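Okay, structure first, notes after.
Remember, it's 1-based here, ligands and their atoms both numbered in the order they're listed. Computed from a prediction, not measured in an experiment: that's the story for all the values here.
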Amino acid sequence: MSDRPTPPPLPVTRIDVRAGAGRYHIEIAPGVSERLPDVLDAAGAPRRRFIVSTTIVWRLHGERFRGVSHDDPILIPDGERHKNLGTVGRIYDSLIRAAADRASTIVAVGGGVTGDIAGFAAATYLRGVPIVQVPTTLLAQVDSAVGGKVGVNHPMGKNLIGAFHAPAAVAIDPSLLATLPRREFRAGLYEVVKYGVIASRDLFGRVAGDLRALFARDPGSLVPIIADSCRIKAAIVEQDEREAGPRRALNFGHTAGHALEAVTKYRRFRHGEAIAYGMLVAAELGVRRGLFAPADRDALAALITKMGPLPAIGDLSAAQVLEAVGRDKKVVGGRLHYVLPTAIGATTIVTDVTPDELTDALVETGLRA
Ligand SMILES: NC(=O)c1ccc[n+]([C@@H]2O[C@H](COP(=O)([O-])OP(=O)(O)OC[C@H]3O[C@@H](n4cnc5c(N)ncnc54)[C@H](O)[C@@H]3O)[C@@H](O)[C@H]2O)c1
Ligand SMILES: [Zn+2]
């Protein structure tokens with residue numbers, strides 16, 4: 001027996017979110033995945049519960065979810081390339097075979113891909129049954145599980161088919177992240193940095209100051225940064241569920257980021273890695289317009305460098321990326337809407353970024369002219 005004192009249990013962090021149709025809670029606590037039945041009951045989730053997960057996640061963590069359902073989990077293949085209507089169809093098949101009725105709840109246990117697919121199945125099965133999100137990647141815990149956007153890809157483009165379907169509850173267990181590959185973890189952490197830049201200098205500072213403990217997956221460091229990220233996203237989404245105004249700040253780093261993903265056919269970067277470059281591009285644009293202090297840009301660049309290696313971009317040309325930006329949905333009426341930082345913790349949206357300006361910022365960030 002060890003005579004080391006047992007650390008006190010970490011407090012449960014609860015965040016209330018107002019969604020169009022009602023309210024839900026996000027519960028963040030190490031170990032919450034093991035008391036999911038209580039969380040589901042407290043949320044009033046209908047009693048027949050169907051877990052949707054992937055073979056990989058289920059092999060790693062399925063044991064924890066034993067008490068949730070008498071039915072076998074619906075296991076879908078892993079990976080973004082299966083985020084399509086075919087996989088949704090397989091979920092419908094399983095639900096229909098099991099005679100799932102309206103008094104059923106779907107519980108998504110997995111990363112953002114699983115949450116988006118299972119959420120879309122839940123939004124549409126019998127015109128909608130409740131979904132509970134149990135995100136297992138950092139990206140899903142800080143981003144995709146919150147906000148109610150669900151959907152799948154079409155061969156012609158990402159996330160072209162979807163719905164808004166707010167969860168009945170979100171249960172976030174940072175201890176699930178212990179098995180997450182370091183690169184996936186980092187990919188999620190870039191989105192946390194994004195929240196810091198758009199809304200909280202304090203969060204930004206905590207990530208920068210706590211990198212070692214975060215990468216060690218220390219729950220004491222993870223809980224507050226996950227909670228802050230969820231609070232920031234929830235607050236923005238509450239004001240603007242359908243992305244008319246404030247929600248656009250969440251797109252910080254995503255204009256050049258999405259373009260980088262597209263020109264590399266979604267193969268080179270994890271989403272967050274492309275966003276890391278996108279944030280650097282936006283920061284550079286901000287500095288060039290005198291909106292953002294060079295010292296803040298340098299702090300962002302230093303943090304991104306300290307977080308670890310990013311895939312190379314030196315072989316990509318600014319012209320290629322510019323063309324991909326032009327095809328993006330952020331071009332409204334021929335004008336490119338761009339989220340620029342004005343400080344660490346604040347942004348503005350400009351609508352007149354010129355191709356020359358963007359080219360310069362891309363080249364400064366490391367692309368070929
Ligand atoms: N709905 C939204 O608002 C929203 C927001 C952001 C992103 N998204 C979507 O999220 C998706 C990306 O999510 P993601 O990055 O979580 O990808 P993902 O779901 O593919 O998960 C990444 C990898 O991590 C593995 N994994 C998951 N949990 C694990 C664990 N605990 N331990 C070990 N391995 C684990 C998965 O098997 C997978 O290989 C994209 O499809 C994106 O469009 C949606
Ligand atoms: Zn993103």
Side-chain angles (χ1 to χ4, degrees), residues 33 52-65 75-84 87 108-120 122-123 131 133-154 157-167 170 172-195 197-198 217 222 229-230 233-234 236-237 241-243 247-258 260-261 266 269-279 339:
S33 54
V52 175
S53 190
T54 69
T55 35
I56 295 180
V57 169
W58 200 249
R59 195 179 62 233
L60 290 167
H61 296 292
E63 196 55 34
R64 299 171 183 244
F65 301 97
L75 297 183
I76 58 175
D78 194 79
E80 183 77 32
R81 71 177 198 287
H82 297 288
K83 185 174 153 180
N84 55 38
T87 305
V109 177
V113 168
T114 306
D116 278 12
I117 298 173
F120 184 73
I131 176 85
Q133 297 282 1
V134 185
T136 66
T137 63
L138 182 58
L139 181 108
Q141 295 190 345
V142 300
D143 190 351
S144 61
V146 180
K149 277 206 221 176
V150 295
V152 295
N153 303 328
H154 183 274
K158 275 194 50 129
N159 295 326
L160 291 182
I161 301 153
F164 286 93
H165 191 51
V170 182
I172 299 181
D173 186 344
S175 70
L176 293 167
L177 304 180
T179 53
L180 195 65
R182 196 175 167 91
R183 187 174 176 198
E184 293 293 345
F185 183 80
R186 203 160 53 219
L189 204 54
Y190 296 119
E191 296 278 3
V192 177
V193 171
K194 176 194 80 175
Y195 291 122
V197 178
I198 67 175
R217 323 290 159 92
L222 282 168
S229 300
C230 289
K233 178 152 183 192
I236 292 176
V237 170
E241 218 172 11
R242 289 178 188 252
E243 202 158 333
R247 195 164 183 162
R248 287 188 307 188
L250 294 170
N251 287 330
F252 171 61
H254 283 59
T255 306
H258 281 155
L260 283 168
E261 289 185 280
Y266 299 91
F269 303 102
R270 294 298 300 147
H271 170 72
E273 294 172 337
I275 297 324
Y277 279 122
M279 291 192 287
V339 183

Rounded distance [0.5 Å steps], CG in Asp173 versus CD in Gln141: 7.5 Å
Under 3.5 Å, N or O to N or O, is Asp143 touching ligand 1 that way? no
Give a yes/no on ligand 1: does Lys158 have at least one heavy atom closer than 4.0 angstrom to it? yes
For Lys149, the ligand 1 atoms whose distance to one of its heavy atoms is below 4.0 Å: 1 (N), 2 (C), 3 (O)
Does Val113, backbone or side chain, put an N or O under 3.5 Å from an N or O of ligand 1? yes
Using distance alone, determine whether Glu184 and ligand 1 share an N or O pair under 3.5 Å. no
Flag Gly79 as yes when one of its N or O atoms lies below 3.5 Å from any N or O atom of ligand 1, and as no otherwise. no
Heavy atom of the protein closest to atom 32 (N) of ligand 1 (residue, atom name, distance): Thr179 OG1, 2.6 Å
Check each heavy atom of Asp116 against ligand 1 and say whether those closer than 4.0 Å belong to the side chain, the backbone, both or neither. side chain
Below 4.5 Å, heavy atoms only, C-beta onward: do Met279 and Val193 meet side chain to side chain? yes
Euclidean distance, His154 NE2 relative to Lys83 NZ, rounded to 0.5 Å: 14.5 Å
Enumerated ligand 1 atoms positioned under 4.0 Å from heavy atoms of Leu60: 32 (N), 33 (C)
Rounded to the nearest 0.5 Å, how far apart are CD of Gln133 and OG1 of Thr114? 9.0 Å
Distance, nearest 0.5 Å, that separates CG of Asn153 from CG of Asp116: 8.5 Å
More than 12 non-hydrogen atoms from neighbouring residues, nucleotides or ligands closer than 6.0 Å to CZ on Arg81, yes or no? no
Could an N or O of ligand 1 be found under 3.5 Å from any N or O of Gly110, whether backbone or side chain? no
With a 4.5 Å cut-off on side-chain heavy atoms, are Ile236 and Ile198 touching? yes
Run the numbers for me: atoms of ligand 1, each under 4.0 Å from some heavy atom of Leu139, listed by number. 7 (C), 10 (O), 12 (C), 13 (O), 14 (P), 15 (O)
Identify the residue among Glu191, Glu184, Glu261 that makes a salt bridge (Lys or Arg N to Asp or Glu O under 4.0 Å) with Arg270. Glu184
For His271 and ligand 1, answer yes if some heavy atom of the residue is under 4.0 Å from a ligand atom, otherwise no. no
Indicate yes or no: does an N/O atom of Thr114 lie under 3.5 Å from an N/O atom of ligand 1? no
Going through the distances and angles, do Ile275 and Phe252 end up as a side-chain contact (heavy atoms from CB on, under 4.5 Å)? CA-CA 8 Å; Ile275 297 324; Phe252 171 61; over 6 Å; no
Nearest protein heavy atom to atom 15 (O) of ligand 1, by residue and atom, and its distance? Arg270 NH2, 3.2 Å
For atom 39 (O) of ligand 1, closest protein heavy-atom neighbour: Asp78 OD2, 2.8 Å
Just which atoms of ligand 1 are under 4.0 Å from any heavy atom in Lys83? 9 (C), 40 (C), 41 (O), 42 (C), 43 (O)
Where is the nearest protein heavy atom to atom 4 (C) of ligand 1: which residue, which atom, and how far? Ser144 CB, 3.2 Å
Within the 4.5 Å heavy-atom criterion, are Val237 and Phe164 side-chain neighbours or not? no
Please list the nearest protein heavy atom to atom 14 (P) of ligand 1 with its residue and the distance rounded to 0.1 Å. Gly112 N, 3.5 Å
The protein heavy atom nearest to atom 35 (C) of ligand 1 is Leu180 CD1, 3.6 Å
One checks the Zn ion (ligand 2) and counts protein N, O or S atoms under 2.8 Å, reaching 3
I need the contact type for Asn159 against ligand 1. Using non-hydrogen atoms and a strict under-4.0 Å cut-off, is it side chain, backbone, both or neither? side chain
What's the shortest distance from atom 21 (O) of ligand 1 to any protein heavy atom, and which residue and atom give it? Thr137 CG2, 3.6 Å
Tell me which part of Thr136 gets within contact of ligand 1: side chain, backbone, both or neither, using heavy atoms under 4.0 Å. both
Could you establish whether Lys233 and ligand 1 come within less than 4.0 Å of each other, counting only heavy atoms on the residue side? yes
Let me confirm one number: the NE2-NZ distance from His271 to Lys158, rounded to the nearest 0.5 Å. 7.0 Å
Are the side chains of Asp143 and Lys233 in contact, using a 4.5 Å heavy-atom criterion? yes
Please answer whether the main-chain N or O of Thr87 pairs with a side-chain N or O of Asn84 as donor and acceptor at a distance below 3.5 Å. yes
Polar proximity ligand 1 side, Glu80 side, N/O cut 3.5 Å exclusive: yes
If you count the atoms of ligand 1 from 1 in the order shown, which ones are under 4.0 Å from a heavy atom of His61? 31 (N)
Just verifying a value: how many Å separate Glu273 CD and Leu260 CG, rounded to the nearest 0.5 Å? 11.0 Å
